[in-house]
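To keep things clear, I will list the structure first and then write my remarks on it.
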Amino acid sequence: MENWRKSSYSGPGDGNECVEIANSPTHVAVRDSKTPARATLTFPPEAFAPFLEDLKADAPR
């Protein structure tokens with residue numbers, strides 16, 4: 001079973017833009033906390049940091 005935690009960047013107030021993350025030795029999983037039963041993205045641990053860097057680079061400023 002995954003141990004999900006809310007991202008510290010979940011948006012202002014009550015965190016309406018919430019993303020949850022779960023780590024394991026073999027992967028990092030990401031899901032939308034509003035619809036946890038829907039699709040989950042999974043990454044090998046070494047691919048997760050580059051994924052986040054790409055998101056940050058594409059974020060509006």
- Shortest non-hydrogen contact between Val30 and Thr40, atoms and distance: O-CG2, 3.3 Å
- Can you name the nearest heavy-atom pair linking Ser33 to Glu20, along with the distance? CB-CD, 3.4 Å
- Task: Please round to the nearest 0.5 Å and tell me the distance separating atom NZ of Lys6 and atom CD1 of Ile21.
- Result: 12.5 Å
- With sequence neighbours left out, write down each residue that passes side chain to side chain contact (heavy atoms under 4.5 Å, CB included) with Pro25, or none if nothing qualifies. none
- Message: Quick check on the hydrophobic clustering: are Trp4 and Val28 connected, directly or via other members, by side-chain heavy-atom contacts under 4.5 Å?
- Response: no
- Item | All ring pair (Phe, Tyr, Trp, His ring centres under 6.0 Å) counterparts of Phe51, not counting sequence neighbours | Phe43
- Shortest non-hydrogen contact from Cys18 to Asp32? O-OD1, 3.6 Å
- What pairs with Thr26 under side chain to side chain contact (heavy atoms under 4.5 Å, CB included), at least two apart in sequence or on another chain? Ser24
- All heavy atoms of Pro50 vs all of Ala47, minimum pair found to be CD-O, 3.3 Å
